[in-house]
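As the structure is a prediction and not an experimental result, all values here were calculated from the model. Quick note: numbers below take in every heavy atom, side chains included, and nothing from hydrogens, waters or symmetry partners.
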Amino acid sequence: MEQIKHTYVEVNGLKLHVAEIGSESSPAIVFLHGFPEIWYTWRHQMVTVANAGFRAIAPDYRGYGLSDIPQQPEKTSFADLVNDTASILDYLAISKMVVVGGDAIQWWWVVDMDGGWWTLVFNPL
């Protein structure tokens, strides 16, 4: 676990914590934790996929783990999660990735960095 690097990304006035492991040139897998969990939920999977040649990334959502708490956490929305995650991926220069999500949500990402748009569609089970 000591190989996991921890960084912070400034997004909309908040410092968001990001854990990652693996080469920056490797294909990316983004792990999104469930509630009320943190990046640490994915630590074993992150090491495993990094050892298999991938770059594993797991952010802490705003208000969770080592990420800043917004001034009005009760007003945090699903759109904030999407925008925060997109901003982190943009900061890390990741244009294609596989997304693994926790909880009872199926995630589909549509990403076109060249066109400048991000879309996340979800479907509760």
Side-chain angles (χ1 to χ4, degrees):
M1 304 303 161
E2 61 277 350
Q3 318 97 301
I4 295 176
K5 178 177 85 170
H6 299 269
T7 58
Y8 290 87
V9 178
E10 185 84 22
V11 177
N12 298 318
L14 298 173
K15 275 188 347 185
L16 300 182
H17 171 255
V18 179
E20 63 178 305
I21 184 172
S23 171
E24 290 183 12
S25 62
S26 297
I29 299 178
V30 179
F31 293 91
L32 299 177
H33 65 75
F35 296 95
E37 299 170 335
I38 60 173
W39 78 271
Y40 193 73
T41 300
W42 298 109
R43 66 195 181 282
H44 298 297
Q45 292 85 350
M46 291 174 70
V47 171
T48 299
V49 300
N51 288 338
F54 294 91
R55 179 180 182 189
I57 299 156
D60 280 334
Y61 303 152
R62 56 174 60 201
Y64 287 81
L66 299 174
S67 289
D68 286 349
I69 300 171
Q71 288 184 343
Q72 296 179 306
E74 69 279 1
K75 292 188 176 181
T76 299
S77 68
F78 188 75
D80 293 319
L81 167 64
V82 173
N83 292 328
D84 291 350
T85 303
S87 295
I88 289 168
L89 296 173
D90 189 40
Y91 174 84
L92 296 174
I94 296 171
S95 60
K96 294 181 181 180
M97 81 291 300
V98 171
V99 177
V100 178
D103 280 344
I105 295 178
Q106 298 173 1
W107 303 83
W108 292 275
W109 285 80
V110 179
V111 180
D112 178 3
M113 286 302 293
D114 295 328
W117 53 267
W118 298 76
T119 303
L120 172 69
V121 179
F122 74 103
N123 179 27
L125 295 175

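Remark: the backbone N or O of Val82 is not paired with any side-chain donor or acceptor of Thr85 at under 3.5 angstrom. Remark: side-chain polar atoms of Asp80 are paired, donor with acceptor, to backbone N or O of Ser77 under 3.5 angstrom. Between the side chain of Asp60 and the backbone N or O of Ile38 there is no donor-acceptor pair closer than 3.5 Å. Within the 3.5 Å criterion, the main-chain N or O of Tyr61 finds a donor-acceptor partner in the side chain of His33.
Closest of all the heavy-atom pairs between Leu14 and Pro70 is CD2-CA, 3.9 Å. Taking both residues in full, the closest heavy atoms of Val18 and Ile88 are given as CG2-CG2, 3.8 Å, listed atom of the first, atom of the second, then distance. The heavy-atom pair separating Gly53 from Pro27 by the smallest distance is O-CD, 3.8 Å. Residues His17 and His6 share a closest heavy-atom pair of NE2-ND1, 2.8 Å. The minimum heavy-atom distance linking Leu89 with Met97 is given by the pair CD1-CE, 3.4 Å.
Atom CD1 in Ile29 sits 12.0 Å away from atom CZ in Arg55 (nearest 0.5 Å). In this structure, CG on Asp90 lies 11.5 Å from CG on Asn83, to the nearest 0.5 angstrom. Here the straight-line distance linking atom OG1 of Thr7 with atom CD of Glu20 works out to 5.0 Å at 0.5 Å rounding.
Each of Leu66, Leu81, Leu32, Asp84 was scored for a side-chain contact (heavy atoms from CB on, under 4.5 Å) with Pro59, with one residue passing: Leu32.
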Step by step, would you call Leu16 with Arg62 a side chain to side chain contact (heavy atoms under 4.5 Å, CB included)?
CA-CA 6 Å; Leu16 300 182; Arg62 56 174 60 201; 3.9 Å; yes

After noting the C-alpha distance and the side-chain angles of Trp42 and Glu37, does the key distance pass the side chain to side chain contact (heavy atoms under 4.5 Å, CB included) rule?
CA-CA 10 Å; Trp42 298 109; Glu37 299 170 335; 5.8 Å; no

Intermediate values then yes/no, side chain to side chain contact (heavy atoms under 4.5 Å, CB included), Val98 and Phe54
CA-CA 10 Å; Val98 171; Phe54 294 91; over 6 Å; no

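Under a hydrophobic clustering in which Ile, Leu, Val, Met, Phe, Trp and Tyr are joined whenever their side-chain heavy atoms come within less than 4.5 Å, directly or via other members, Tyr91 and Ile57 fall into the same cluster.
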